[in-house]
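Both ligands and their constituent atoms are indexed starting at 1 by order of listing.
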Amino acid sequence: GMMKELLGLKALEEQIAHEYQLKKVIVVPGDSDQYDWVKKEMGRACVHYLKQHVADQATVAITGGTTVAAVAEMMGSDFQRDDLLFVPARGGIGEEVENQANTICAEMARQTGASYRLLHVPDQLSEDTYSSLISEPSVQSVLHNITSATVVIHGIGEAKTMAKRRGASEEFLQKLTNHEAVAEAFGYYFDHLGDIIHRERTIGLQLEHLNEEKQVIAIAGGSSKSVAITAYLKNRKSTILITDEGAARQMLN
Ligand code: F6P
(Lines give C-alpha, C1' and ligand atoms only; values in the text may rest on other atoms or scores of the structure.)
Protein backbone atom coordinates (compact mmCIF):
# COMPACT_ATOMS: atom_id res chain seq x y z
CA GLY A 1 0.00 0.00 0.00
CA MET A 2 0.78 3.69 0.05
CA MET A 3 2.52 3.59 3.44
CA LYS A 4 4.90 0.83 2.35
CA GLU A 5 5.92 2.81 -0.70
CA LEU A 6 6.87 5.74 1.48
CA LEU A 7 8.96 3.74 3.93
CA GLY A 8 12.65 4.56 3.92
CA LEU A 9 15.22 1.76 3.73
CA LYS A 10 15.94 1.74 7.48
CA ALA A 11 12.25 1.38 8.27
CA LEU A 12 11.94 -1.36 5.65
CA GLU A 13 14.81 -3.27 7.28
CA GLU A 14 13.20 -2.98 10.69
CA GLN A 15 9.76 -4.06 9.50
CA ILE A 16 11.10 -7.10 7.68
CA ALA A 17 13.30 -8.10 10.62
CA HIS A 18 10.27 -7.84 12.87
CA GLU A 19 7.78 -9.57 10.59
CA TYR A 20 10.10 -12.45 9.65
CA GLN A 21 11.87 -12.62 13.03
CA LEU A 22 15.34 -12.20 11.58
CA LYS A 23 18.48 -11.19 13.44
CA LYS A 24 19.39 -8.53 10.94
CA VAL A 25 18.16 -7.25 7.59
CA ILE A 26 20.11 -5.10 5.15
CA VAL A 27 18.24 -3.56 2.22
CA VAL A 28 20.18 -1.87 -0.59
CA PRO A 29 18.42 0.65 -2.88
CA GLY A 30 17.09 -0.44 -6.28
CA ASP A 31 15.85 -3.67 -7.86
CA SER A 32 18.39 -6.16 -9.19
CA ASP A 33 15.79 -7.43 -11.69
CA GLN A 34 16.18 -4.06 -13.40
CA TYR A 35 19.82 -3.17 -12.87
CA ASP A 36 22.83 -5.43 -12.46
CA TRP A 37 24.66 -2.93 -10.28
CA VAL A 38 22.07 -3.51 -7.54
CA LYS A 39 23.36 -7.09 -7.20
CA LYS A 40 26.85 -5.71 -6.78
CA GLU A 41 25.54 -3.39 -4.06
CA MET A 42 24.16 -6.43 -2.22
CA GLY A 43 27.61 -7.98 -2.61
CA ARG A 44 29.21 -4.84 -1.21
CA ALA A 45 26.80 -4.78 1.75
CA CYS A 46 27.67 -8.40 2.50
CA VAL A 47 31.42 -7.68 2.46
CA HIS A 48 30.83 -4.72 4.77
CA TYR A 49 28.92 -6.99 7.16
CA LEU A 50 31.65 -9.66 7.02
CA LYS A 51 34.32 -7.10 7.84
CA GLN A 52 32.62 -6.33 11.13
CA HIS A 53 31.28 -9.73 12.10
CA VAL A 54 33.58 -12.55 11.02
CA ALA A 55 35.71 -13.85 13.88
CA ASP A 56 39.42 -14.63 13.52
CA GLN A 57 40.25 -18.01 11.95
CA ALA A 58 36.65 -18.54 10.90
CA THR A 59 35.59 -21.02 8.24
CA VAL A 60 33.10 -19.53 5.80
CA ALA A 61 30.90 -21.90 3.77
CA ILE A 62 29.29 -20.51 0.63
CA THR A 63 26.83 -21.65 -2.03
CA GLY A 64 26.91 -20.88 -5.75
CA GLY A 65 24.83 -18.52 -7.87
CA THR A 66 25.30 -15.08 -9.35
CA THR A 67 24.48 -13.19 -6.13
CA VAL A 68 27.10 -14.97 -4.03
CA ALA A 69 29.49 -14.50 -6.97
CA ALA A 70 28.86 -10.74 -6.62
CA VAL A 71 30.04 -10.97 -3.00
CA ALA A 72 33.35 -12.44 -4.20
CA GLU A 73 33.64 -9.70 -6.80
CA MET A 74 33.26 -6.98 -4.16
CA MET A 75 35.91 -8.42 -1.85
CA GLY A 76 38.45 -5.93 -3.06
CA SER A 77 41.67 -4.74 -1.50
CA ASP A 78 39.98 -3.50 1.68
CA PHE A 79 39.01 -6.96 2.90
CA GLN A 80 42.29 -8.78 3.49
CA ARG A 81 41.87 -11.81 5.77
CA ASP A 82 44.51 -14.49 5.44
CA ASP A 83 43.19 -16.12 8.63
CA LEU A 84 39.93 -17.22 6.98
CA LEU A 85 39.11 -20.48 5.24
CA PHE A 86 36.52 -20.57 2.44
CA VAL A 87 34.74 -23.81 1.57
CA PRO A 88 31.79 -24.68 -0.68
CA ALA A 89 28.67 -25.48 1.37
CA ARG A 90 27.66 -28.46 -0.78
CA GLY A 91 28.72 -30.49 -3.79
CA GLY A 92 27.94 -29.31 -7.32
CA ILE A 93 24.28 -28.71 -7.98
CA GLY A 94 24.28 -27.97 -11.67
CA GLU A 95 25.59 -24.43 -12.13
CA GLU A 96 27.78 -22.99 -14.86
CA VAL A 97 31.45 -23.05 -13.81
CA GLU A 98 31.63 -19.34 -12.94
CA ASN A 99 28.63 -19.65 -10.64
CA GLN A 100 29.68 -22.85 -8.88
CA ALA A 101 30.47 -22.73 -5.18
CA ASN A 102 33.97 -24.18 -5.80
CA THR A 103 34.86 -21.42 -8.25
CA ILE A 104 33.47 -18.63 -6.07
CA CYS A 105 35.24 -20.09 -3.07
CA ALA A 106 38.62 -19.99 -4.82
CA GLU A 107 37.89 -16.43 -5.98
CA MET A 108 37.03 -15.26 -2.45
CA ALA A 109 40.28 -16.73 -1.19
CA ARG A 110 42.21 -15.07 -4.02
CA GLN A 111 40.64 -11.68 -3.30
CA THR A 112 41.17 -11.79 0.47
CA GLY A 113 44.42 -13.74 0.78
CA ALA A 114 42.53 -16.48 2.67
CA SER A 115 42.80 -20.25 2.22
CA TYR A 116 40.23 -22.44 0.52
CA ARG A 117 39.34 -26.07 0.08
CA LEU A 118 37.23 -27.55 -2.68
CA LEU A 119 34.70 -30.32 -2.78
CA HIS A 120 34.96 -32.45 -5.91
CA VAL A 121 31.67 -34.26 -6.09
CA PRO A 122 29.32 -34.35 -9.07
CA ASP A 123 25.62 -33.36 -9.07
CA GLN A 124 22.76 -35.77 -8.63
CA LEU A 125 24.57 -38.58 -6.83
CA SER A 126 23.05 -42.04 -6.78
CA GLU A 127 22.69 -43.53 -3.34
CA ASP A 128 25.59 -45.94 -3.94
CA THR A 129 27.95 -43.26 -5.20
CA TYR A 130 26.94 -41.03 -2.33
CA SER A 131 27.80 -43.66 0.28
CA SER A 132 31.13 -44.54 -1.25
CA LEU A 133 32.19 -40.92 -1.83
CA ILE A 134 31.26 -39.84 1.67
CA SER A 135 33.56 -42.47 3.15
CA GLU A 136 36.60 -41.23 1.16
CA PRO A 137 39.15 -39.75 3.58
CA SER A 138 39.74 -36.67 1.39
CA VAL A 139 36.01 -35.97 1.22
CA GLN A 140 35.65 -36.60 4.96
CA SER A 141 38.34 -34.06 5.67
CA VAL A 142 36.71 -31.23 3.66
CA LEU A 143 33.34 -32.23 5.03
CA HIS A 144 34.71 -31.69 8.51
CA ASN A 145 35.71 -28.13 7.55
CA ILE A 146 32.31 -27.53 5.99
CA THR A 147 30.22 -28.66 8.95
CA SER A 148 32.36 -26.68 11.38
CA ALA A 149 31.93 -23.44 9.42
CA THR A 150 30.68 -20.64 11.67
CA VAL A 151 29.60 -18.40 8.81
CA VAL A 152 27.40 -19.53 5.92
CA ILE A 153 26.60 -17.32 2.92
CA HIS A 154 23.91 -18.61 0.59
CA GLY A 155 21.64 -17.57 -2.26
CA ILE A 156 17.90 -18.14 -2.64
CA GLY A 157 16.20 -18.72 -5.99
CA GLU A 158 12.79 -19.35 -7.49
CA ALA A 159 12.07 -23.08 -7.61
CA LYS A 160 11.24 -23.38 -11.33
CA THR A 161 13.97 -21.00 -12.42
CA MET A 162 16.57 -23.00 -10.52
CA ALA A 163 15.29 -26.37 -11.71
CA LYS A 164 15.48 -25.20 -15.33
CA ARG A 165 18.92 -23.67 -14.80
CA ARG A 166 20.00 -27.14 -13.65
CA GLY A 167 18.54 -28.85 -16.69
CA ALA A 168 15.74 -30.58 -14.80
CA SER A 169 13.54 -33.17 -16.51
CA GLU A 170 9.87 -32.53 -17.39
CA GLU A 171 9.02 -35.03 -14.71
CA PHE A 172 10.83 -33.07 -12.04
CA LEU A 173 9.27 -29.78 -13.18
CA GLN A 174 5.90 -31.49 -12.90
CA LYS A 175 6.71 -32.57 -9.35
CA LEU A 176 7.50 -28.94 -8.50
CA THR A 177 4.17 -27.85 -9.99
CA ASN A 178 2.24 -30.54 -8.14
CA HIS A 179 3.75 -29.55 -4.81
CA GLU A 180 3.52 -25.82 -5.56
CA ALA A 181 7.25 -25.32 -5.05
CA VAL A 182 8.22 -21.66 -5.02
CA ALA A 183 11.72 -21.45 -3.52
CA GLU A 184 15.10 -23.12 -3.70
CA ALA A 185 18.18 -22.83 -1.48
CA PHE A 186 21.08 -25.24 -0.79
CA GLY A 187 19.62 -27.73 -3.27
CA TYR A 188 16.36 -27.90 -1.31
CA TYR A 189 13.02 -26.94 -2.84
CA PHE A 190 10.28 -25.38 -0.67
CA ASP A 191 6.58 -24.61 -0.98
CA HIS A 192 5.08 -21.28 0.11
CA LEU A 193 4.91 -22.45 3.74
CA GLY A 194 8.64 -23.08 3.70
CA ASP A 195 8.15 -26.85 3.88
CA ILE A 196 10.72 -28.97 2.07
CA ILE A 197 9.30 -30.78 -0.93
CA HIS A 198 12.56 -32.05 -2.42
CA ARG A 199 16.21 -32.27 -1.48
CA GLU A 200 19.07 -32.92 -3.93
CA ARG A 201 21.25 -35.73 -2.67
CA THR A 202 24.69 -34.23 -2.37
CA ILE A 203 27.54 -34.06 0.10
CA GLY A 204 27.99 -31.07 2.38
CA LEU A 205 25.82 -28.84 4.57
CA GLN A 206 22.29 -30.05 5.14
CA LEU A 207 19.59 -27.70 6.39
CA GLU A 208 19.70 -29.28 9.84
CA HIS A 209 23.32 -28.10 10.19
CA LEU A 210 22.16 -24.48 10.19
CA ASN A 211 21.93 -24.07 13.93
CA GLU A 212 22.11 -21.08 16.27
CA GLU A 213 25.89 -21.27 16.46
CA LYS A 214 26.30 -20.32 12.83
CA GLN A 215 25.86 -16.89 11.33
CA VAL A 216 23.71 -17.73 8.34
CA ILE A 217 23.62 -14.97 5.75
CA ALA A 218 20.98 -15.26 3.02
CA ILE A 219 21.65 -12.95 0.09
CA ALA A 220 18.96 -12.61 -2.58
CA GLY A 221 17.10 -9.75 -4.22
CA GLY A 222 14.98 -8.63 -7.16
CA SER A 223 11.20 -8.20 -6.97
CA SER A 224 10.79 -11.50 -8.88
CA LYS A 225 12.34 -13.36 -5.94
CA SER A 226 10.14 -11.92 -3.20
CA VAL A 227 7.82 -14.95 -3.07
CA ALA A 228 10.81 -17.31 -2.92
CA ILE A 229 12.55 -15.31 -0.20
CA THR A 230 9.35 -15.09 1.85
CA ALA A 231 8.74 -18.84 1.57
CA TYR A 232 12.29 -19.78 2.47
CA LEU A 233 12.28 -17.52 5.54
CA LYS A 234 9.05 -19.01 6.94
CA ASN A 235 10.89 -21.81 8.71
CA ARG A 236 14.24 -20.16 9.37
CA LYS A 237 14.25 -17.62 12.12
CA SER A 238 17.88 -16.82 12.79
CA THR A 239 19.00 -15.72 9.35
CA ILE A 240 20.65 -12.47 8.39
CA LEU A 241 19.03 -11.27 5.18
CA ILE A 242 20.74 -9.07 2.62
CA THR A 243 18.31 -8.03 -0.08
CA ASP A 244 17.30 -5.12 -2.29
CA GLU A 245 14.46 -2.66 -2.23
CA GLY A 246 12.70 -4.43 -5.12
CA ALA A 247 12.31 -7.64 -3.11
CA ALA A 248 11.91 -5.96 0.28
CA ARG A 249 8.89 -3.83 -0.67
CA GLN A 250 7.11 -6.89 -2.11
CA MET A 251 7.88 -8.89 1.01
CA LEU A 252 5.74 -6.51 3.06
CA ASN A 253 2.78 -6.58 0.70
O1 F6P B 1 22.74 -23.06 -7.14
C2 F6P B 1 23.24 -22.39 -6.03
C3 F6P B 1 22.28 -21.33 -5.54
O4 F6P B 1 22.81 -20.72 -4.38
C5 F6P B 1 20.88 -21.82 -5.27
O6 F6P B 1 20.74 -22.54 -4.07
C7 F6P B 1 20.07 -20.56 -5.33
O8 F6P B 1 18.71 -20.79 -5.58
C9 F6P B 1 20.73 -19.88 -6.52
O10 F6P B 1 22.08 -20.33 -6.54
C11 F6P B 1 20.65 -18.39 -6.53
O12 F6P B 1 21.28 -17.95 -7.69
P13 F6P B 1 21.27 -16.44 -8.17
O14 F6P B 1 21.93 -15.67 -7.08
O15 F6P B 1 22.06 -16.44 -9.43
O16 F6P B 1 19.85 -16.06 -8.37
Side-chain angles (χ1 to χ4, degrees), residues 28 30-46 60-74 86-105 107-108 118-119 121-125 146 149 151-168 172-173 176 181-191 194 196-207 209-210 216-233 235-236 239-244 246-247 250:
V28 305
D31 184 338
S32 50
D33 283 353
Q34 279 169 30
Y35 304 104
D36 238 23
W37 56 261
V38 178
K39 202 176 270 183
K40 294 195 172 124
E41 286 309 310
M42 286 193 279
R44 194 197 304 279
C46 185
V60 181
I62 59 135
T63 69
T66 59
T67 318
V68 179
V71 179
E73 204 184 317
M74 300 318 282
F86 288 99
V87 291
R90 306 191 86 197
I93 34 180
E95 292 276 16
E96 300 280 327
V97 168
E98 64 271 26
N99 293 326
Q100 283 173 10
N102 271 340
T103 311
I104 299 170
C105 199
E107 177 61 12
M108 286 182 171
L118 303 180
L119 188 58
V121 298
D123 323 337
Q124 321 269 346
L125 297 179
I146 293 172
V151 181
V152 180
I153 307 172
H154 72 91
I156 302 170
E158 287 178 285
K160 285 262 172 66
T161 307
M162 287 313 299
K164 286 180 192 149
R165 198 156 105 185
R166 292 170 178 158
F172 184 65
L173 290 172
L176 294 182
V182 293
E184 194 283 343
F186 291 103
Y188 290 72
Y189 290 83
F190 307 87
D191 64 16
I196 299 168
I197 64 149
H198 176 86
R199 141 200 318 228
E200 301 283 354
R201 191 189 296 113
T202 185
I203 291 173
L205 275 191
Q206 311 298 321
L207 272 190
H209 290 128
L210 304 182
V216 183
I217 305 171
I219 178 162
S223 48
S224 63
K225 275 195 192 177
S226 65
V227 172
I229 299 169
T230 303
Y232 174 77
L233 293 177
N235 279 334
R236 337 227 71 79
T239 314
I240 295 144
L241 174 69
I242 300 176
T243 189
D244 63 21
Q250 297 289 328

Hey, does the side chain of Thr103 reach the backbone of Glu98 with a donor-acceptor pair shorter than 3.5 angstrom?
-> no
Take Ile217 and Val151, measure what side chain to side chain contact (heavy atoms under 4.5 Å, CB included) needs, and give me the verdict at the end.
-> CA-CA 8 Å; Ile217 305 171; Val151 181; 4.2 Å; yes
Pair Arg90-Tyr188, side chain to side chain contact (heavy atoms under 4.5 Å, CB included): steps then yes or no = CA-CA 11 Å; Arg90 306 191 86 197; Tyr188 290 72; 3.7 Å; yes
Arg199 to Gln206 - nearest heavy-atom pair and separation | NH1-OE1, 2.9 Å
Any N or O on Gly157 sitting closer than 3.5 Å to an N or O of ligand 1?
-> yes
Give yes or no for whether the N/O distance cutoff of 3.5 Å, strictly under, is met between Gly64 and ligand 1.
-> yes
Short N or O distance, Glu184 and ligand 1, threshold 3.5 Å exclusive = yes
For Gly155 and Val68, which heavy atoms make the closest approach, and how far apart are they?
-> N-CG2, 3.8 Å
Where's the contact between Val68 and ligand 1, heavy-atom distance under 4.0 Å: side chain, backbone, both or neither?
-> neither
For ligand 1, is any non-hydrogen atom under 4.0 Å from His154's backbone (N, CA, C, O), its side chain (CB onward), both, or neither?
-> neither
If you count the atoms of ligand 1 from 1 in the order shown, which ones are under 4.0 Å from a heavy atom of Arg165?
-> 9 (C), 10 (O), 12 (O), 13 (P), 15 (O), 16 (O)
Non-hydrogen atoms of Lys39 versus ligand 1: any pair closer than 4.0 Å?
-> no
Non-hydrogen atoms of Glu158 versus ligand 1: any pair closer than 4.0 Å?
-> no
For Ala185, counting its heavy atoms only, list the atoms of ligand 1 lying under 4.0 Å from any of them.
-> 6 (O)
List every atom of ligand 1 that sits less than 4.0 Å from any heavy atom of Phe186, numbering the atoms from 1 in the order shown and giving each element.
-> 6 (O)
Distance filter under 4.0 Å to Glu95 heavy atoms, resulting ligand 1 atoms = 1 (O), 2 (C), 3 (C), 10 (O)
Report, in ascending order of atom number, the atoms of ligand 1 lying under 4.0 Å from any heavy atom of Thr63.
-> 4 (O)
Which atoms form the tightest heavy-atom contact between Leu176 and Ala159, and what is the distance?
-> CD1-O, 4.0 Å
Just which atoms of ligand 1 are under 4.0 Å from any heavy atom in Lys225?
-> 13 (P), 14 (O), 16 (O)
Between Tyr232 and His154, ring centroids under 6.0 Å | yes
SB check Arg166 Glu184 (cutoff 4.0 Å) = yes
Just by distance, do the side chain of Asn102 and the backbone of Leu118 share a donor-acceptor pair under 3.5 Å?
-> no
